[in-house]
Structure formats: structure tokens, C-alpha cells
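The block underneath contains the structure these notes are about, expressed in C-alpha cells.
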There are 2 protein chains.
Amino acid sequence: MALRHAVLAALLDGELSGYQLAKAFDLGVANFWHALPQQLYAELTRLEKEGLVAGREVVQDARPNKRLFHVTADGLAALERFAAEAAKPSFVRDDLLVKVQAADHLDTDVLIAGLAERERFAEAKIELFGGLLRQMRGDRDEAEFLRHGERIGPYLTCLRGLAFERENRDWCRRSAEILRARRHQSRQAAEDATSPSSSSPARSRP
Amino acid sequence: MALRHAVLAALLDGELSGYQLAKAFDLGVANFWHALPQQLYAELTRLEKEGLVAGREVVQDARPNKRLFHVTADGLAALERFAAEAAKPSFVRDDLLVKVQAADHLDTDVLIAGLAERERFAEAKIELFGGLLRQMRGDRDEAEFLRHGERIGPYLTCLRGLAFERENRDWCRRSAEILRARRHQSRQAAEDATSPSSSSPARSRP
DNA sequence: GCATGATACTCAAGAAAGTGAGTAGTCAGA
DNA sequence: TCTGACTACTCACTTTCTTGAGTATCATGC
């Protein structure tokens with residue numbers, strides 16, 4: 001039941017439409033939760049029914065009309081109650097880690113490709129988060145902003161996201177290097193064993 | 001559908017019972033996926049029905065009998081196919097981050113308590129992962145183990161888990177410090193504004 | 001000698017999350 | 001003028017995850 005609280009937390013920063021919310025929760029920027037548009041529209045409907053958010057119709061001429069939502073007093077109270085609950089530990093759940101766990105039994109090339117792709121993805125998010133942080137703190141330096149800035153919540157979660165993606169990138173890079181080195185070794189070994197100084201086709205499966 | 005592949009990956013390290021698997025996937029050690037016992041038993045049943053794992057009954061006298069599972073050739077092929085698919089990016093999903101996102105609107109004390117608790121949790125996992133890594137590499141040093149060790153998959157995922165928990169701990173510590181400093185400031189400001197050199201009760205909500 | 005906790009599982013129900021498809025207008029570029 | 005991308009949403013369905021309860025035996029400690 002944390003999606004609803006994530007929505008409430010996101011709406012604290014100002015009125016948003018379901019569509020804007022969806023963009024924030026979907027690719028990239030979701031540095032504290034992730035959800036798809038359909039989930040968000042559904043959750044907004046529920047939240048409005050329960051009076052935790054309120055929406056107002058905004059008529060637009062060049063585009064479809066939209067509804068902007070904001071958090072009500074009840075909504076804020078619900079968030080407050082949520083914050084007081086014990087946070088359940090957040091567990092890792094990552095396809096790529098599952099693959100690496102099985103590394104010793106799988107095709108190394110495929111894994112290295114996966115690691116490289118994830119590294120690029122992480123790099124892109126690092127850029128994105130860096131830009132977001134700069135934007136949030138404006139012309140102030142970080143220490144100053146953290147001391148006196150008005151809204152540091154999003155800044156802190158963004159810092160977490162940045163650190164996460166940096167670790168991700170570094171780990172991907174290092175793991176790929178290790179796998180490459182081992183692949184190279186096993187090729188060498190195979191060549192030495194069968195016919196020294198021959199050019200046997202390079203196999204990636206050790 | 002990654003749970004099934006996580007189970008397969010876990011079983012590569014040797015035969016395990018559902019119960020042993022459950023312990024590995026539950027608290028702590030699950031450094032590449034997390035799941036509850038019920039899910040695992042259900043998944044094992046499905047996997048066995050599809051021939052991706054095979055179980056054998058082990059009769060015990062001092063304890064209930066158990067079934068040990070291992071991955072079949074079909075299971076390994078399924079893992080191989082899974083590895084070749086594009087890994088979907090793993091998104092953050094963390095109660096605590098949701099709370100911090102809303103930090104500027106919530107009770108600071110409650111948040112700091114949450115951060116402290118998570119920090120302790122992270123510290124415990126760091127210890128745990130450190131021990132696991134030592135155990136896996138035995139008497140070799142890390143570089144040597146990563147070059148020539150026989151099974152590095154679990155080692156690499158454990159390294160990822162360790163890095164994650166370190167970042168977690170550091171971020172919790174730093175965020176809590178920042179919030180404490182701001183709380184202190186706002187108290188000061190409040191005291192200065194109402195009655196300088198009076199002992200007004202300290203409020204934590206800025 | 002009785003509670004507690006570990007081993008070893010199973011069943012049922014419900015909440016949450018993910019997937020796929022569809023509507024409908026606007027705008028920019030080929 | 002047609003294609004594709006963007007804004008702005010909705011409906012229906014399936015899979016996955018979580019919660020709670022229950023069974024049975026054995027070992028350990030108070």
C-alpha cells in the first residue's frame with residue numbers, strides 16, 4: 001500500500017495531472033518509487049474517492065482538458081500516519097542480478113552484453129539526476145541548500161538515486177571486466193591444451 | 001517471471017530443499033532476489049511439473065523428511081534463454097524513500113527514527129555480506145579469487161548487495177544529520193522569534 | 001514437563017502490480 | 001497529406017506478491 005503514499009508525496013510539490021505524474025513515475029525520474037500510468041490513474045481515482053486528494057478540471061484549447069490534483073488535509077494526515085509506521089526493509093529484485101548469480105553456468109558474452117547495457121542505462125540516469133539536483137539547488141551550493149533550502153525531501157531522494165546508479169554503473173563495469181578476463185583466460189587454457197600456437201575459434205562459454 | 005529464474009539460479013549452487021531455499025530468499029542473504037517461503041514452494045512445484053527442476057525425497061529420522069531439488073538440463077536451457085532476454089531496468093521501491101520525499105511536510109523526529117533504524121539494518125547486512133564473501137573466497141584474496149575462483153556468480157551478486165547496503169547506510173546517516181541540523185536551526189529561529197533566551201518547548205515540526 | 005523455536009511443509013484469500021489494447025485530438029516534419 | 005509523436009486518459013485482464021492460518025515432529029532450555 002505504498003503506491004498511494006508515493007503519489008501523495010509526489011503531489012506535495014505542487015498540483016500535477018495524472019499524465020504529469022505518470023511521466024515522473026515512469027522512466028528515469030522516479031527516484032523514490034516507480035509505477036505505470038494505469039496504476040497512477042487508478043490510484044488517483046481511489047484517492048479522490050477517499051478525499052485524500054482533490055482535483056480540479058483545467059480547460060485547455062490546444063490540448064485535451066486535464067485534471068490537476070493536490071493533497072488535502074486528510075491526505076497529509078494519511079502520509080503522516082504512514083511515516084510513523086515501521087518501514088519494511090527494501091529488498092533487491094533485479095533480473096540482471098539473477099543472471100549474474102548464474103554466471104558460472106551461462107554464456108559469458110550474453111552476460112557481458114547485459115552488464116554493458118545496464119551500465120549505459122545507469123550512466124544516463126546519473127546524468128539525469130545530476131541535472132535534477134543542479135536544478136533543485138539553483139545557484140546555491142549543496143551544503144548551503146541542504147541547510148537552508150525550503151524543500152529538501154526530493155533532493156535527498158534524488159541523492160539516493162544518484163548514489164544507487166553510480167554504484168550500479170561501477171559494479172556493472174567491474175563485473176564485466178572480471179568476466180572478460182576470465183573468458184580470456186579460459187580461451188588461453190583451451191588453446192594451450194588442444195594445440196599450442198593454433199588459432200582455434202574463440203569460445204565464450206568456459 | 002523472474003522468480004522462477006531466481007530459483008533456478010539459486011539451485012545451481014547445489015541441491016536445496018524448499019525450506020533451505022526459503023531461508024536464503026527470506027531475511028538477509030537474498031542478494032539477488034527476495035521471496036517468501038510460500039512463493040518458493042509454489043514455484044518449485046510448478047518448476048518440477050514443467051521439468052525444469054527435479055526433486056528427490058530424503059528420509060530423515062530426527063526431522064521431517066525433505067525434498068532436495070536440482071536443476072535439470074531443461075532448466076539450465078530456460079535460464080540460458082532468460083539471460084539472453086533484455087533485462088528490464090530495476091526500479092527503486094522503498095517505503096523509506098517515500099517518507100523522505102515528503103520530509104518537508106512531515107514530523108522530522110519520526111523520519112530521523114526511521115532513518116536510524118534503516119541504518120542499523122544496513123549495518124547488519126554489511127556484516128552479513130562481509131562474512132559471506134570471506135567464506136566464499138576462503139583463504140584466497142579477492143583479486144585472486146575473482147580471477148580463478150570456480151563460482152564467482154554468487155560472489156559478484158554479494159558484492160553488489162554489499163555496495164548497496166553501504167550506500168544505504170551512508171545515505172541514512174547523512175540524511176538524518178541534515179534533518180537534525182535543520183530541526184535545530186528551526187528551533188533556534190522559533191526561540192529567537194518568540195522570546196529570546198526563553199526555554200520554549202522544543203518542537204520538531206519546522 | 002512445558003513452552004519455545006527449529007525443521008519441513010501446505011492451503012486459501014486478497015492486495016498490489018503489470019500487460020495489452022483502445023480513444024481522441026494536436027502538432028511537426030517528410 | 002500522411003506518419004509519427006505528444007498530450008490526456010480509460011477499461012479489462014492476468015500475474016505476482018503478501019498475509020494469515022494450519023499441520024506435524026523433534027530438540028533445547030527453564
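Note that the coordinates shown come from a computational prediction; the quantities given were computed from them, not determined experimentally. Proteins get letters first, then strands, A, B, ... in listed order; numbering begins at 1 in each. Reckoned from all heavy atoms, side chains included, excluding hydrogens, waters and symmetry mates.
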Spacing of A:Glu57 atom CD relative to D:dT7 atom P, expressed in whole Å = 18 Å
Which residue pairs pass the ring pair (Phe, Tyr, Trp, His ring centres under 6.0 Å) test with at least one member in residues 63-89 of chain A, sequence neighbours excluded?
-> A:His5-A:Phe82
Keeping the roles fixed (side chain from A:Asn65, backbone from A:Gln60), state whether a donor-acceptor pair exists under 3.5 Å.
-> yes
Are the side chain of A:Gln20 and the backbone of A:Ser17 linked by a donor-acceptor contact shorter than 3.5 Å?
-> yes
Under 3.5 Å, is there a donor-acceptor pair between the A:Glu48 and A:Thr45 side chains?
-> no
Between protein and nucleotides 12-16 of chain D, what N or O pairs are separated by less than 3.5 Å?
| residue | atom | partner | partner atom | Å |
| --- | --- | --- | --- | --- |
| D:dT16 | OP1 | B:Met1 | N | 3.4 |

N/O donor-acceptor pair under 3.5 Å between A:Arg182 side chain and B:Leu146 backbone = yes
D:dT7 P sits how many Å from A:Leu21 CG, rounded?
-> 15 Å
Evaluate the ring planes of A:His34 and B:Phe91, with Trp represented by its six-membered ring, and classify them as parallel (under 30°), tilted (30 to 60°) or perpendicular (over 60°).
-> parallel
Applying side chain to side chain donor-acceptor pair (under 3.5 Å), run through A:Glu80 and B:His105 and close with a yes or a no.
-> CA-CA 9 Å; A:Glu80 199 85 59; B:His105 304 263; over 6 Å; no
Look only at the side chain of B:Arg118 and the backbone of A:Lys88, and say whether a donor-acceptor pair between them is shorter than 3.5 Å.
-> yes
Just by protein heavy atoms under 4.0 Å, how would nucleotides 2-9 of chain C read 5' to 3' in B, S and -?
-> ----SBBB
Once you round it to whole Å, what is the distance between C1' of C:dG18 and CZ of A:Phe25?
-> 16 Å
Using whole Å, report how far CZ of A:Arg4 lies from C1' of C:dA17.
-> 15 Å
